Amino acid sequence: MRANSMSLRIGAAFLHSEFLNISVYRVSFWLNLVYTFLMMYSVGYVWRALYAANPDAAGVPLPNMVSYAVMGVALEAILHPRNGPQFYIMEQVRKGTIEMDILKPVDFQFYMFTKNMGGLAVRFLFLVLPSLITAYFLFSLKLPHFPALMGFVLSLACSVVISFFLNFMLGLLSMVTMNIKNINWGYNAVLRFFSGQMVPLWIFPGMLRILGNILPFRCIYSIPASIYIGNYAGMDMLGALGVQGTWIILLWISSRLLMKKVFARVMIQGG
């Protein structure tokens, strides 16, 4: 019990430190804020134009589709792979200082998670929240009913954890390959396509829709956004949350096994 309490205090300290580190770069934040808002503005008007040409373009009412698209941009601002722990791990490996992180008196995966949460908190407060408030008045965004809102919050928490596990495993690969920039680029391309971030999976053709539903990527963007606009309600929402929960367990087990294997290789090689 005492060890767990100490780990939580250490984790909170790491989270606070990461929050302060990221919030220092104010110019970068202003640029990212402008970028996030412009992306929301762009996708909103793209879908309005598509619906003007074909009112049944996505099979849901226009306000729902605009809300889905804008939410996809908002989630990207905090869950994009560039914001994950993999590049930090890669840089530490390249500098030969990764052992300093591994030897910290806290589980390495938990340490990476708290660092990631610190950055996520900054991006949410200073990028996502202001952009969503502006988009609400600009596009008259659809606000979910209370059950959908609670489901969305729970689903969003699951998507954060799933995104972290996938990015963390990419970071572990850098201990073997030394450079994961090309791997990460390919991963990001597959993620954006099969996650339903911009284009919902339910309008994908045949096999692509089946593949998108099998892969874990829809748990990051599609499921939270679909719950938000009411596409998943009642038992469908519980089933979607169950899918996310299942992937959390599978990815946690996979990441722990991969971490154990990679750490053994690092120790054998002597650092």
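Since we're looking at a predicted model, the values are computed, not measured.
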Search all heavy atoms of [X] against all heavy atoms of [Y] and return the closest pair with its distance.
X	Y	answer
Cys219	Val243	SG-CG1, 4.0 Å
Phe217	Leu191	CD2-CD1, 3.6 Å
Val60	Tyr51	O-OH, 2.5 Å
Pro85	Asn167	CD-CB, 3.5 Å
Ser255	Leu172	O-CD1, 3.9 Å
Leu201	Gly212	CD1-O, 4.0 Å

So, using ring pair (Phe, Tyr, Trp, His ring centres under 6.0 Å) as the criterion, who are the partners of [X] when residues are at least two apart?
X	answer
Tyr68	Trp202
Tyr45	Tyr41, Phe139
Phe168	Phe108, Phe164

(Q) Does Ser159 form a side-chain contact (heavy atoms from CB on, under 4.5 Å) with Ile223? I'd like the steps, not just the answer. (A) CA-CA 8 Å; Ser159 71; Ile223 290 180; over 6 Å; no
Q. Does CG belonging to Asn54 count more than 12 external heavy atoms closer than 6.0 Å?
A.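 Yes, enclosed.
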Hey, are the side chains of [X] and [Y] touching, using non-hydrogen atoms and a 4.5 Å cut-off?
X	Y	result
Phe204	Leu211	no
Lys181	Trp185	no
Leu241	Ile227	yes
Met259	Asp107	yes

Q: Under the side-chain contact (heavy atoms from CB on, under 4.5 Å) rule, what do Met198 and Val73 come out as? Steps first, then yes or no, please.
A: CA-CA 8 Å; Met198 297 294 183; Val73 176; 3.9 Å; yes
Q. What residue pairs, at least two apart or across chains, pass side chain to side chain donor-acceptor pair (under 3.5 Å) with a residue in residues 233-248?
A. Ser155-Gln244
Q.
Are Val161 and Leu238 linked, directly or through intermediate hydrophobic residues, by side-chain heavy-atom contacts shorter than 4.5 Å (ILVMFWY only)?
A. no
Q: Identify whether Leu208 and Ile214 are in the same connected component of the hydrophobic contact network (ILVMFWY, side-chain heavy atoms under 4.5 Å).
A: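 Not linked; separate clusters.
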Q: Linking directly or through intermediates, with side-chain heavy atoms under 4.5 Å: list the remaining ILVMFWY members grouped with Met100, chain and number order.
A: none
Q.
So, taking the atom named CD1 in Ile180 and the one named CE in Met175, what distance separates them when rounded to the nearest 0.5 Å?
A.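 Going from CD1 on Ile180 over to CE on Met175, the span is 10.5 Å.
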Q | Non-neighbouring partners of Ala77 that pass side chain to side chain contact (heavy atoms under 4.5 Å, CB included), sequence neighbours left out | A | Thr36, Val128
